[in-house]
*Asks:* 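One structure follows; several queries about it will come next.
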Amino acid sequence: MVAPDTVPAEAGDLLRAALREHAGPTTPRLVVVGLSKDENPKATILVFDPGGARPRLVAKVALTAVAAVSVVAEATSLQALGSLDLGLVGGTVPRIVDIRRDRGGAVLVTEAVPGTPMSVDYHRWRGTTRPDAVRADLAGAASWLRELSEAVGPLPAASSAGGWPGIAKRLRARWPADPLARDVADAVAATLPGVRLPSDGPWSVVHGDFWAGNVLRTDGRVTGVVDWEHAVVGGDPLRDLTRFALSYVLYLDRHTRTGREVRGHPGLVAGPWGEPVRYLVAGEGWLPRLVHGVLAEHLERTGRDPDRWRDVLALGTAEVAALSDEATFARQHLLLAAELFRC
């Protein structure tokens with residue numbers, strides 16, 4: 001059992017204590033599968049029974065005091081969701097086994113949910129070049145979000161901000177002396193009324209970081225959704241759908257050399273950071289039309305103007321700028337949001 005030795009001593013002690021209680025009398029096999037790269041990282045560790053082919057538990061370990069706040073926030077979100085839906089969306093949401101915290105950090109232990117991250121297939125050769133494959137990815141994500149909404153039932157709104165929590169305020173606070181941030185914040189404030197969810201909902205639980213890396217699938221079906229630290233109870237589910245679409249498109253040119261057309265996407269040429277999102281907003285290819293249709297359908301189904309999908313994409317980009325833990329990633333999204341809002 002080597003994973004506790006890869007984390008700070010006090011956090012390692014918490015992890016050892018949790019595993020002694022929940023992993024059984026035999027020494028488990030531990031595999032570190034995730035180590036976030038932001039300023040306050042967390043380690044994600046799979047816990048296997050000896051000889052087991054699939055993990056039984058997952059431990060998330062905070063590596064700094066600030067990261068401990070995020071780990072506890074995820075535990076709080078999972079507890080809240082569990083109180084709303086005892087079935088945890090058909091078993092696709094991790095069930096809490098233990099949460100431990102002291103001055104040295106925090107450790108969250110959950111049951112493992114099955115599946116492989118959708119991002120694995122996304123980055124396979126030609127994984128995003130075929131309309132049927134991309135359509136299945138978007139449909140699977142949208143279908144799971146509907147299942148989540150149905151599982152938790154109607155909820156009261158968490159705030160009066162239309163379900164997009166204080167984006168303008170957060171942008172101003174993050175870059176207080178930056179006129180561009182102020183311009184984007186003003187654009188957000190001006191745009192929100194036109195896309196706000198009606199007062200009668202449907203409000204739902206919002207995951208808050210709903211992208212292909214956090215969506216697990218088995219045989220093409222969503223069987224797990226992980227990383228719940230940014231969840232909100234009583235939010236606009238359009239936030240998750242928009243985040244998924246933006247993050248899905250963002251990496252389309254990841255495996256294409258600058259200046260070359262991205263395979264399967266006529267008109268999309270690999271170039272500056274964020275080029276696929278510009279293509280999404282302005283392009284006429286099959287993928288932009290597909291994403292526009294998904295967003296427009298959701299807007300119409302929830303009592304909003306389906307033609308406001310461009311505004312939704314701009315808001316979603318600004319939200320990443322406001323909330324991302326990684327400073328460079330946040331700044332890139334701020335610049336891109338300014339373009340989409342035409343600041």
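Bear in mind the structure is a predicted one, so any value in this text is a computation, not a measurement.
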*Asks:* When you group the ILVMFWY residues by side-chain heavy-atom contacts below 4.5 Å and let the links chain together, are Val113 and Val205 in the same group?
*Replies:*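 In one cluster with Val205: Val113, no.
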*Asks:* Identify the two heavy atoms, one from Val281 and one from Trp309, that lie closest to each other, and give their separation to 0.1 Å.
*Replies:* O-CH2, 3.7 Å
*Asks:* Rounded to the nearest 0.5 Å, what separation is found between the CD atom of Gln332 and the CD atom of Glu326?
*Replies:* 7.5 Å
*Asks:* I'd like to know whether the aromatic ring centres of Phe210 and Trp144 sit less than 6.0 Å apart in this structure.
*Replies:*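 Centroid separation for Phe210 and Trp144: below 6.0 Å.
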*Asks:* Are Thr110 and Trp228 close enough that some pair of their side-chain heavy atoms sits under 4.5 Å apart?
*Replies:* no
*Asks:* Do any pairs count as a salt bridge (Lys or Arg N to Asp or Glu O under 4.0 Å) and have a residue in residues 167-189, sequence neighbours left out, and if so which ones?
*Replies:*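 Residue pairs with at least one partner in residues 167-189: Arg172-Asp186, Asp178-Arg331.
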*Asks:* Indicate, with yes or no, if Tyr248 and Val120 share a hydrophobic cluster defined by side-chain heavy-atom contacts under 4.5 Å among Ile, Leu, Val, Met, Phe, Trp and Tyr.
*Replies:* no
*Asks:* Extract all donor-acceptor atom pairs below 3.5 Å that involve side chains of residues 146-157 and protein atoms in other chains or at least two apart in sequence.
*Replies:*
none

*Asks:* Kindly state each residue pair satisfying salt bridge (Lys or Arg N to Asp or Glu O under 4.0 Å) with at least one member in residues 81-94, sequence neighbours excluded.
*Replies:* none
*Asks:* Keeping Asp240 on the side-chain end and Gly208 on the backbone end, is there a donor-acceptor pair under 3.5 Å?
*Replies:* yes
*Asks:* Flag the pair Asp102 / Asp13 as yes when at least one side-chain heavy-atom distance between them is below 4.5 Å, and no otherwise.
*Replies:*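 Not in contact.
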*Asks:* Going only through I, L, V, M, F, W and Y residues with side-chain contacts under 4.5 Å, is there a path from Leu246 to Leu323?
*Replies:* no
*Asks:* Considering non-hydrogen atoms only, spot the tightest contact between Gly82 and Leu88 and give its length.
*Replies:*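 The answer is CA-CD2, 3.6 Å.
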*Asks:* Show me the donor-acceptor pairs, under 3.5 Å and distance only, between side chains in residues 311-318 and residues at least two apart or in other chains.
*Replies:*
from: Asp311; atom 1: OD2; to: Arg308; atom 2: NE; distance (Å): 2.4
from: Asp311; atom 1: OD2; to: Arg308; atom 2: NH2; distance (Å): 2.7
from: Thr317; atom 1: OG1; to: Leu313; atom 2: O; distance (Å): 2.9

*Asks:* Kindly list each side-chain donor-acceptor pair under 3.5 angstrom involving residues 284-303, sequence neighbours excluded, with atom names and distances?
*Replies:*
from: Trp286; atom 1: NE1; to: Gly264; atom 2: O; distance (Å): 2.8
from: Arg289; atom 1: NH1; to: Glu284; atom 2: O; distance (Å): 2.1
from: His292; atom 1: ND1; to: Pro288; atom 2: O; distance (Å): 3.1
from: His292; atom 1: NE2; to: Leu280; atom 2: O; distance (Å): 2.7
from: His292; atom 1: NE2; to: Pro288; atom 2: O; distance (Å): 3.3
from: Glu297; atom 1: OE2; to: Arg301; atom 2: NE; distance (Å): 3.1
from: His298; atom 1: ND1; to: Arg301; atom 2: NH2; distance (Å): 3.2
from: Thr302; atom 1: OG1; to: His298; atom 2: O; distance (Å): 2.7
from: Thr302; atom 1: OG1; to: Leu299; atom 2: O; distance (Å): 3.2
from: Thr302; atom 1: OG1; to: Arg304; atom 2: NE; distance (Å): 3.1
from: Thr302; atom 1: OG1; to: Arg304; atom 2: NH2; distance (Å): 3.0

*Asks:* Restricting to non-hydrogen atoms, name the atom on Ala23 and the atom on Asp49 that form the minimum distance, rounded to 0.1 Å.
*Replies:* O-OD1, 4.2 Å
*Asks:* Please answer whether the main-chain N or O of Val71 pairs with a side-chain N or O of Glu229 as donor and acceptor at a distance below 3.5 Å.
*Replies:* no
*Asks:* Could you see if Val188 belongs to whatever hydrophobic cluster contains Trp175? Use Ile, Leu, Val, Met, Phe, Trp, Tyr and a side-chain cutoff under 4.5 Å.
*Replies:* yes
*Asks:* Look at Arg135 together with Asp132 and state whether they make a salt bridge at an N to O cut-off of under 4.0 Å.
*Replies:* no
*Asks:* Let's go through Leu30 and Leu19 carefully: what are the C-alpha distance in whole Å and the side-chain angles of both, what is the deciding distance for side chain to side chain contact (heavy atoms under 4.5 Å, CB included) to 0.1 Å, and is it a yes or a no?
*Replies:* CA-CA 10 Å; Leu30 306 182; Leu19 293 180; 3.7 Å; yes
*Asks:* Of all heavy-atom pairs between Pro55 and Leu46, which one has the smallest distance, and what is that distance?
*Replies:*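 Where Pro55 meets Leu46 most closely, the heavy atoms are CB-CB, 4.0 Å.
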*Asks:* Are His265 and Glu261 side-chain neighbours, meaning at least one heavy-atom pair lies under 4.5 Å?
*Replies:* no
*Asks:* Do the side chains of Lys60 and Thr44 get nearer than 4.5 Å, heavy atoms only?
*Replies:* yes
*Asks:* Identify, with sequence neighbours excluded, every residue that meets side-chain hydrogen bond (donor to acceptor under 3.5 Å, both in side chains) alongside Arg278.
*Replies:* Glu275, Glu339
*Asks:* Nearest 0.5 angstrom please: Arg243 CZ to Leu241 CG, how far?
*Replies:*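 Arg243 atom CZ to Leu241 atom CG measures 12.5 Å (nearest 0.5 Å).
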*Asks:* Can you give me the closest heavy-atom contact between Leu250 and Gly274, atom names plus distance?
*Replies:*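 That closest heavy-atom pairing would be CD1-CA, 4.0 Å.
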*Asks:* In this structure, would Leu238 and Val232 fall into the same cluster of hydrophobic residues linked by side-chain contacts under 4.5 Å?
*Replies:*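 No, it is not one cluster - the side chains of Leu238 and Val232 are not joined through contacts under 4.5 Å.
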*Asks:* Is there a donor-acceptor pair closer than 3.5 Å between any side-chain N or O of Ser204 and the backbone N or O of Pro237?
*Replies:* no
*Asks:* Just jot down the side chain to side chain contact (heavy atoms under 4.5 Å, CB included) partners of Asn214, sequence neighbours excluded, or say none.
*Replies:* His207, Asp209, Trp211, Val226, Asp227
*Asks:* Tell me every residue that passes side-chain hydrogen bond (donor to acceptor under 3.5 Å, both in side chains) with Asp121, counting only those two or more places apart in sequence or in another chain.
*Replies:*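 Only Arg124, Arg217 meet the side-chain hydrogen bond (donor to acceptor under 3.5 Å, both in side chains) criterion with Asp121.
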*Asks:* Would you please name every residue forming a side chain to side chain contact (heavy atoms under 4.5 Å, CB included) with Pro266, sequence neighbours left out?
*Replies:* none
*Asks:* With side chains defined as the heavy atoms from C-beta onward, is the minimum distance between Ser70 and Lys42 less than 4.5 Å?
*Replies:*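 Answer yes - side chains close enough.
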*Asks:* Which value, rounded to the nearest 0.5 Å, describes the distance between His123 atom NE2 and Met118 atom CE?
*Replies:* 12.0 Å
*Asks:* Under 3.5 Å, is there a donor-acceptor pair between the side chain of Tyr122 and the main chain of Leu252?
*Replies:* yes
*Asks:* Would a distance-only check, ignoring hydrogens and angles, find a side-chain to backbone donor-acceptor pair under 3.5 Å from Arg260 to Ala270?
*Replies:* no
*Asks:* Might you point out which heavy atoms bring Trp273 and Leu336 nearest each other, and give the distance in Å?
*Replies:* CZ3-CD2, 3.9 Å
*Asks:* According to side chain to side chain contact (heavy atoms under 4.5 Å, CB included), who are the partners of Arg263, at least two apart in sequence or on a separate chain?
*Replies:* Trp125, Arg126, Thr129
*Asks:* Should Leu216 and Pro117 count as side-chain neighbours, where that means a heavy-atom distance under 4.5 Å?
*Replies:*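 Result yes, sub-4.5 Å side-chain heavy-atom pair found.
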*Asks:* Would you give the length of the straight line joining atom CD1 of Ile96 to atom CD of Glu111, rounded to the nearest 0.5 angstrom?
*Replies:* 10.5 Å
*Asks:* Could you tell me whether Glu21 and Arg100 make a salt bridge, using a distance below 4.0 angstrom between a side-chain N and a carboxylate O?
*Replies:*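 Yes, this pair counts.
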*Asks:* Which residues satisfy the side-chain hydrogen bond (donor to acceptor under 3.5 Å, both in side chains) test with Thr218, sequence neighbours excluded?
*Replies:*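 Partners of Thr218 by the side-chain hydrogen bond (donor to acceptor under 3.5 Å, both in side chains) criterion, ordered by chain and then number, come out as Thr223.
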*Asks:* I need the Leu138 CG to Ser143 OG distance, nearest 0.5 Å.
*Replies:* 12.5 Å
*Asks:* For Arg29, what residues pass the side chain to side chain contact (heavy atoms under 4.5 Å, CB included) criterion, not counting sequence neighbours?
*Replies:*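 By the side chain to side chain contact (heavy atoms under 4.5 Å, CB included) rule, Arg29 matches Val31, Phe48.
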*Asks:* What is the distance from atom CG of Leu268 to atom CG of Asp253, rounded to the nearest 0.5 Å?
*Replies:*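 It comes to 6.0 Å.
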*Asks:* Tell me, do Val47 and His22 make a side-chain contact under 4.5 Å, heavy atoms counted?
*Replies:*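 SC-SC contact between Val47 and His22 ruled out.
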